[in-house]
There are 2 protein chains.
Amino acid sequence: MINIAQTIAQLTSEQEKPSIKRISELTGYSHSSVSRVLNGLGDQYRISKKAQAAIVAKAQELHFTPNQIARGLRLKKTETLGLIVPNIANPFFAEIAKIITRKARSYGYSILLLDSEDTLEIENQSLRTLLARKTDGIILFPSTSNNELVEKIHSDGIPIVLVDRYYQSSAVPYVSSDNFQGAKEATRFLLQQGHQNLLCIQGNPDSSPNQERVRGFLQALQEAGITNNSARVIGNAFSEQNGYDSTRQAIQQRSITPFTALFTLSNLNAMGAWKALHEAGLSVPADVSLLTFDNQELLTLVSPAVTAVDQPKVAIGETALDMLMQQIQQIPLAQTQLQLPTQLIIRKSVQFIN
Amino acid sequence: MINIAQTIAQLTSEQEKPSIKRISELTGYSHSSVSRVLNGLGDQYRISKKAQAAIVAKAQELHFTPNQIARGLRLKKTETLGLIVPNIANPFFAEIAKIITRKARSYGYSILLLDSEDTLEIENQSLRTLLARKTDGIILFPSTSNNELVEKIHSDGIPIVLVDRYYQSSAVPYVSSDNFQGAKEATRFLLQQGHQNLLCIQGNPDSSPNQERVRGFLQALQEAGITNNSARVIGNAFSEQNGYDSTRQAIQQRSITPFTALFTLSNLNAMGAWKALHEAGLSVPADVSLLTFDNQELLTLVSPAVTAVDQPKVAIGETALDMLMQQIQQIPLAQTQLQLPTQLIIRKSVQFIN
DNA sequence: TTGTATGCGTTATCAC
DNA sequence: GTGATAACGCATACAA
């Protein structure tokens with residue numbers, strides 16, 4: 001009786017996971033042959049039609065899918081890419097993540113998503129995770145303006161590309177918006193509309209996009225003959241809170257430092273500024289004109305719709321992936337440091353004055 | 001000469017990747033001992049302090065990190081979770097993804113992110129990808145109202161939990177908002193404010209959240225003695241476009257089917273409706289009151305701020321992960337089908353009339 | 001206290 | 001045409 005029970009148990013457990021070994025047992029062919037056939041190498045190895053048919057049939061019957069873990073171990077490639085973003089809940093990052101995910105899928109690659117919370121500590125922990133998991137490449141939105149671990153990864157020859165932010169005087173490949181030109185163009189537009197007293201609400205001063213945007217802002221002012229404007233750059237974070245606080249403070253000191261236009265350096269900053277302006281009873285653009293870096297759907301919904309510098313998110317995401325895939329395929333990169341042009345989208349939040 | 005060159009090449013290539021084998025060679029201890037020490041089992045196996053010290057020192061020197069692929073193959077667990085969302089660029093999904101990613105990290109788990117584009121085909125492809133990659137569990141935001149593959153995965157004992165949407169009369173565990181109660185409460189509020197002629201702009205009629213919301217809407221009307229209102233549910237997708245189109249159409253037919261309040265069933269629908277209302281020169285709430293399911297930051301920025309049904313995103317994300325981890329750890333779930341309470345957030349977009 | 005041998009599922013090298 | 005056999009890097013049962 002015990003034997004029978006055991007036999008039944010065995011038969012039942014014989015419902016093992018489909019594997020090459022199992023197909024080999026069931027068809028009578030060696031696992032080498034099975035592997036070859038299933039990888040489409042049957043003809044190349046001149047395996048008989050009969051054997052091929054039997055193997056394929058059994059594989060389909062068992063719904064066989066190769067174990068990617070085993071495959072990854074053997075092949076030393078996982079067909080997985082690591083993506084580290086500072087905050088996936090921020091639409092800017094989410095939209096680019098979408099582009100990247102979609103394109104990666106078209107390459108047959110999957111995405112391991114890590115959220116660094118805009119923190120060096122978690123960023124590095126995430127990088128180590130990706131290293132241990134042997135992802136074939138890494139796409140990183142850096143949270144700081146330099147990172148030794150990233151430099152090491154790059155010099156170790158592991159494919160990596162930086163997006164949005166980058167490191168000064170570093171050879172690590174990156175793709176970002178042309179923040180300098182974008183900010184300069186936006187500032188010029190403000191000046192053309194007759195605004196002389198501008199106020200710039202910046203984000204994280206330690207980040208390259210912010211630095212470049214501020215540089216564009218100041219350069220446009222300088223070219224217009226307006227000098228000594230560095231005091232007109234306030235704020236310190238890419239957050240709604242900072243946009244709100246900085247704007248409130250600016251409004252209070254308006255008698256000392258007057259302004260007719262606000263240039264916010266990110267979408268979150270713009271949202272905060274917008275709130276503060278409305279709370280103070282100031283009307284856009286009648287009282288204060290508003291222009292922001294980083295175009296977003298919601299800017300078209302508020303009234304008046306907000307004039308914005310649009311970043312080429314699709315191009316950024318696709319280029320990042322292309323650059324990464326080229327590294328993975330050992331194709332030398334034509335350009336390793338790319339700054340893509342932005343576009344000024346004129347809406348209703350900037351008024352002409354004189 | 002050739003020999004020398006070869007020797008040098010060997011020496012150089014001797015810079016192999018750090019591995020247990022390598023540490024074993026360098027320290028003179030067997031790889032079993034190395035593995036044990038590195039997994040913190042040194043004392044348990046009574047490995048000498050001296051050996052432990054030597055092994056740990058060498059591991060640190062080489063910056064050894066265990067290869068998670070090999071580990072996964074051996075241990076049959078990857079410490080990776082699959083997350084399939086319909087659209088990572090939609091803030092609702094992105095915010096929950098953030099919660100999930102963060103909490104997963106605290107468990108030591110990583111997230112493989114797939115975007116199904118709200119399509120059954122890509123959803124199934126994504127599921128197969130996760131199966132092949134042997135993720136320890138799957139969190140799925142379904143794109144349809146049933147899916148045989150999901151049922152099979154669940155009956156195969158693979159940990160899975162559905163989020164936001166779920167399947168009728170299915171045993172697959174899920175967590176979502178209490179869409180019925182939320183919609184009912186919102187509708188009641190509209191009625192209390194004196195509105196009798198309501199119009200509901202729905203999302204995907206094939207999805208469970210939409211069905212439940214519509215049910216709540218109709219039930220509240222019925223309880224108020226208002227009948228024959230099914231004609232007052234229009235639209236067919238959770239998109240801005242559908243919100244826009246449906247609203248425009250409703251405005252045109254306003255003389256036939258008058259309405260004083262609009263109840264949109266998602267944030268994107270609300271955005272579209274908002275646009276259409278403004279384009280038509282209708283003022284909120286003076287001409288038309290607006291209330292939407294799905295609270296979002298941007299609803300506080302527009303003027304007037306929009307009254308909304310807030311879904312407990314944090315609780316949804318965390319509960320989903322808890323339920324998944326319990327399955328992974330073979331802990332029986334106390335409840336497999338959870339509907340979490342929503343909260344009506346009253347702002348300025350609904351006017352009292354009589 | 002430590003080492004040997006085996007296997008996870010796959011692909012690749014070689015032999016016949 | 002096909003099949004042993006080894007190897008990827010790790011963990012572990014079994015020895016000693």
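This one's a predicted model, so the numbers in the text were calculated from it and none came from an experiment. Quick note on labels: first sequence line is chain A, next is B, and so on, each numbered from 1.
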> Does OP1 or OP2 of dA11(D) have a side-chain N or O of R71(B) closer than 4.0 Å?
yes
> When rounded to the nearest 0.5 angstrom, what is the spacing between CG in L333(A) and CD in Q327(A)?
5.0 Å
> Thinking salt bridges, do K49(A) and D43(A) make one under a 4.0 Å N-O criterion?
yes
> Whole-Å distance between dT10(C) P and K17(A) NZ?
12 Å
> Is it the case that atom CD in Q329(B) sees more than 12 heavy atoms from other parts of the structure closer than 6.0 Å?
yes
> Within the structure shown, what part of the strands sits under 4.0 Å from Y29(B) by heavy-atom distance: base, sugar-phosphate, or nothing?
sugar-phosphate
> So, is S33(B) close to the dG3(C) phosphate, meaning a side-chain N or O under 4.0 Å from OP1 or OP2?
yes
> Among dA11(D), dG3(D), dC8(D), which nucleotide has an atom closest to any side-chain atom of S30(A)?
dG3(D)
> Which whole-number value in Å describes the distance from Q44(B) CD to dT12(D) P?
10 Å
> Considering residues at least two apart in sequence or located in another chain, which fulfil the side-chain hydrogen bond (donor to acceptor under 3.5 Å, both in side chains) criterion with Y45(A)?
none
> Below 4.0 angstrom from OP1 or OP2 of dG9(C), is there any side-chain N or O of K134(B)?
no
> Which of the following nucleotides, dT11(C), dT10(C), dG9(D), is nearest to the side chain of S19(A)?
dT10(C)
> Here's a test of your reading of the structure: between R46(B) and L41(A), which maps to the more 5' nucleotide of DNA chain C?
R46(B)
> Name all pairs fulfilling the side chain to side chain donor-acceptor pair (under 3.5 Å) condition that reach into residues 70-80 of chain A, sequence neighbours left out, sorted by first residue then second.
T78(A)-D136(A), T80(A)-R133(B)
> Which one, dG3(D), dT1(C), dA11(D), comes nearest to the side chain of S48(B)?
dT1(C)
> Measure CG/L38(A) against P/dG9(C) and give the value in whole Å, please.
15 Å
> Atom CD1 of I47(A) and atom P of dG1(D): how far apart are they, to the nearest Å?
11 Å
> To the side chain of L73(A), which of dG9(C), dT2(D), dT2(C) is closest?
dG9(C)
> Is there a side-chain contact (heavy atoms from CB on, under 4.5 Å) between N39(B) and S35(B) once you walk through the steps?
CA-CA 6 Å; N39(B) 282 327; S35(B) 173; 3.6 Å; yes
> Base, sugar-phosphate alone, or nothing: which one does G28(A) contact when heavy atoms must sit under 4.0 Å apart?
sugar-phosphate
> Just by modelled atom types, is the E121(A) backbone N or O under 3.5 Å from a matching donor or acceptor in the T119(A) side chain?
no
> Can you tell me how far P of dC16(C) sits from OH of Y45(A), to the nearest Å?
17 Å
> If you compare every side-chain N and O of R74(B) against the phosphate oxygens of dG9(D) (OP1, OP2), does one of them come in below 4.0 Å?
no
> Any side-chain N or O of K50(B) less than 4.0 Å from the OP1 or OP2 oxygen of dT1(C)?
no
> Can you find a donor-acceptor pair, distance only, under 3.5 Å between R36(A) side chain and dT13(C) base?
yes
> Let's see if you get this right: which residues in residues 58-68 of chain B place a heavy atom under 4.0 Å from DNA chain C?
none
> To the nearest angstrom, how far is K76(A) atom NZ from dG9(C) atom C1'?
15 Å
> Could you say whether L75(B) or A51(B) is positioned toward the 5' end of DNA chain C, judged by the nucleotide with the nearest heavy atom to each?
A51(B)
> Counting side-chain heavy atoms from C-beta on, which of dT5(D), dG9(D), dG9(C) comes nearest to S32(A)?
dT5(D)
> Can you check the I20(A) CD1 to dG3(D) C1' distance for me, whole Å?
14 Å
> So, applying side-chain contact (heavy atoms from CB on, under 4.5 Å) with L127(A), which one of L114(A), V150(A), I158(A) is it?
V150(A)
> Rounded off to whole Å, could you give me the NE2-to-P distance for the H31(A) and dC8(C) pair?
12 Å
